[in-house]
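Input: a single structure, listed below in structure tokens.
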Amino acid sequence: MIFPFAKEREQFPILNEMTQLSSCSQSAISIPVKDAMNEYMDSWSREGMDWMGWMERVERAKASFASLINASPDEIAVLSSLSECASSVASALMYSKGRHKICTTEIDFPSIGHVWLAQQERGGEVHFIPGEDHKVPLEYYEKYVDEQTVVTSIPHVSYYNGFKQDIKKIASIVHRKGSYCFVDAYQSAGSVQIDVKDMDIDFLAAGSQKYLLGIPGIAFLYVKKEVANELKPVVTGWFGRVNPFAFDIKLLDYADGARRFETGTPPMINAYAADAAIQTLLKVGVDHIETYLQKLSQTAIAHAKERGLIVASPENMEEKASNTAIFTGEASIYERKMKERGFIVSARNDVIRIAPHFYNTENEVIVAIDTLADLVRDGK
């Protein structure tokens, strides 16, 4: 396979020393991201405080993320984590007798389940849509979501094995039942094309550190323009106000659009990093990235099977993202052993996740799987 991103790869210096295949957990740091963080530090050192300049970069990060998912900047809120995004949305919903059910899935990341379970104190009734072999059949959304469901919360891509769902079809089903559609895009944004308008998503959240090429501590929440102003989140803060700088302690008003879902002071240096990272993705093109990663997925699955490894990920490329999960048992031990041999991968329970980004080569995937296969054969 011809490697199409040789020039872009040069922006990730760690790849000269290590093979980083952990984008489902933490991507490699790029020179532009490091430079952006240094720009913030230089500003702080030089000026002591540049509030307006820092806030401008937060707005730029919002606009960059909006461009990535085909949204408007006023449909994007900045928070600190995906858990905070979900909590802000959950707090804005009413759980009445007519609409009190919350449908989420058994393949969601645990913190998402925790957010929805916390709504039981407010009248929410949580139903977990079951998975089959770490996948959720599309027909299960028809079966489990009903006219009493206020929100259906789903992952675009499973953190465990890279299973990718058809968001547009799921949104159509749940909207027909009268439910909002909340999408956790942490494992997809930056590696899979997302069009929130075409997919008809109500809420979508994604953090920065995985395929978005950034750092922990910042997340983006998309709220559909037609939905945002109908809701009043209880999880709130001064940046959710019409005019935060009015400093009116007795006035709880809500800003227009997604900004009403914001809470406290945004993470400034994280926004610098996120903006630089997303700009890299926009220049490369997520469409090109997704096509390339599908080829790496095919290589990973074929080579893992050739080496006698058991693959936990879907083999159908239409329902698989970049992450290829391989059964190992005691995965954390294999993660450590792989790092000792120069490969950064990510363990989850009983699987090792091989999760390349566009900067990885096919040979890196092959050699990483060979190394893992040898470790498994030798019993670690």
Side-chain angles (χ1 to χ4, degrees), residues 3-5 8-34 65 68 82 109 155-164 184-194 206-220 273-274 276-301 304 312-313 317 320-326 331 335 338-339 342-348 351-369 372:
F3 180 54
F5 303 114
E8 290 81 2
R9 179 184 166 92
E10 294 173 1
Q11 298 295 310
F12 298 85
I14 192 174
L15 301 178
N16 295 322
E17 306 294 332
M18 302 281 286
T19 298
Q20 187 154 356
L21 293 161
S22 59
S23 288
C24 58
S25 183
Q26 174 65 68
S27 61
I29 188 170
S30 69
I31 293 171
V33 166
K34 190 174 181 179
F65 184 73
L68 194 76
L82 199 142
F109 192 75
H156 189 182
V157 170
S158 165
Y159 76 96
Y160 178 77
N161 67 349
F163 167 60
K164 182 175 67 176
D184 171 359
Y186 215 151
Q187 291 288 342
S188 61
S191 65
V192 175
Q193 294 182 81
I194 297 173
S208 178
Q209 76 190 70
K210 303 183 192 297
Y211 295 97
L212 287 182
L213 302 177
I215 61 175
I218 187 169
F220 299 97
I278 296 172
Q279 284 300 315
T280 294
L281 294 169
L282 292 171
K283 288 174 185 175
V284 174
V286 177
D287 54 341
H288 300 305
I289 293 171
E290 183 174 14
T291 298
Y292 177 68
L293 292 179
Q294 285 178 338
K295 293 176 181 176
L296 291 190
S297 281
Q298 291 171 332
T299 296
I301 290 172
S313 296
M317 289 302 107
K320 183 186 182 301
S322 171
N323 169 15
T324 300
I326 298 171
E335 179 186 281
M338 288 287 285
K339 192 167 187 178
F343 298 93
I344 303 170
V345 295
S346 178
R348 278 296 180 270
V351 298
I352 285 291
R353 302 179 297 171
I354 307 290
H357 214 316
F358 71 90
Y359 48 66
N360 291 115
T361 67
E362 183 180 40
N363 187 62
E364 285 177 321
V365 172
I366 291 171
V367 176
I369 290 172
L372 181 61

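Everything numeric in this text was worked out from a predicted model, so none of it was measured.
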Do [X] and [Y] come close enough that some side-chain heavy atom pair is under 4.5 Å?
X	Y	value
L68	V286	yes
T19	L21	yes
T324	L296	no
L281	I289	yes
S27	K210	no
I29	I14	no
L372	I326	yes

Original post:
Looking only at side chains, do S23 and H357 share a donor and an acceptor under 3.5 Å apart?
Top reply: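 No - no donor-acceptor pair under 3.5 Å links their side chains.
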Subject >> S208 and Y186 side chains, donor-acceptor separation under 3.5 Å >> reply: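 There is no such pair (donor and acceptor under 3.5 Å, judged by atom type) between the side chains of Y186 and S208.
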Original post:
Would you call R9 and E364 a salt bridge, taking side-chain N to carboxylate O under 4.0 Å as the test?
Top reply: yes
**OP:** Start with the C-alpha gap between K164 and E290, add the side-chain angles, then the distance that decides, and say whether salt bridge (Lys or Arg N to Asp or Glu O under 4.0 Å) holds.
**Re:** CA-CA 12 Å; K164 182 175 67 176; E290 183 174 14; 3.4 Å; yes
Could you grab the distance from atom [atom1] of [X] to atom [atom2] of [Y], nearest 0.5 Å is fine?
X	Y	atom1	atom2	answer
Y211	F358	OH	CZ	13.0 Å
F163	Q187	CZ	CD	14.0 Å
S346	I352	OG	CD1	7.5 Å
F12	N360	CZ	CG	9.5 Å
N323	S158	CG	OG	7.5 Å

Original post:
According to the interplanar angle, ranging from 0 to 90°, do the rings of F5 and Y292 count as parallel (below 30°), tilted (30 to 60°) or perpendicular (above 60°)?
Top reply: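 Perpendicular: the ring planes of F5 and Y292 meet at over 60°.
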Original post:
Once the angle between the rings of F65 and F220 is folded into 0 to 90°, is it parallel (under 30°), tilted (30 to 60°) or perpendicular (over 60°)?
Top reply: parallel
**OP:** Decide side-chain contact (heavy atoms from CB on, under 4.5 Å) for I301 and K320; before the verdict, give the C-alpha distance in whole Å, the side-chain angles of both, and the deciding distance to 0.1 Å.
**Re:** CA-CA 11 Å; I301 290 172; K320 183 186 182 301; 3.7 Å; yes
**OP:** Could I get the full list of side chain to side chain donor-acceptor pair (under 3.5 Å) partners for T299, not counting sequence neighbours?
**Re:**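 T299 satisfies side chain to side chain donor-acceptor pair (under 3.5 Å) with E362 only.
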Subject >> Counterpart residues, side-chain contact (heavy atoms from CB on, under 4.5 Å), relative to Q26 (two or more places apart) >> reply: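 Expected list: Q20, Q209, P216.
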Original post:
Of all residues at least two apart in sequence or in a different chain, which pass the side-chain contact (heavy atoms from CB on, under 4.5 Å) check with A277?
Top reply: V33, L213
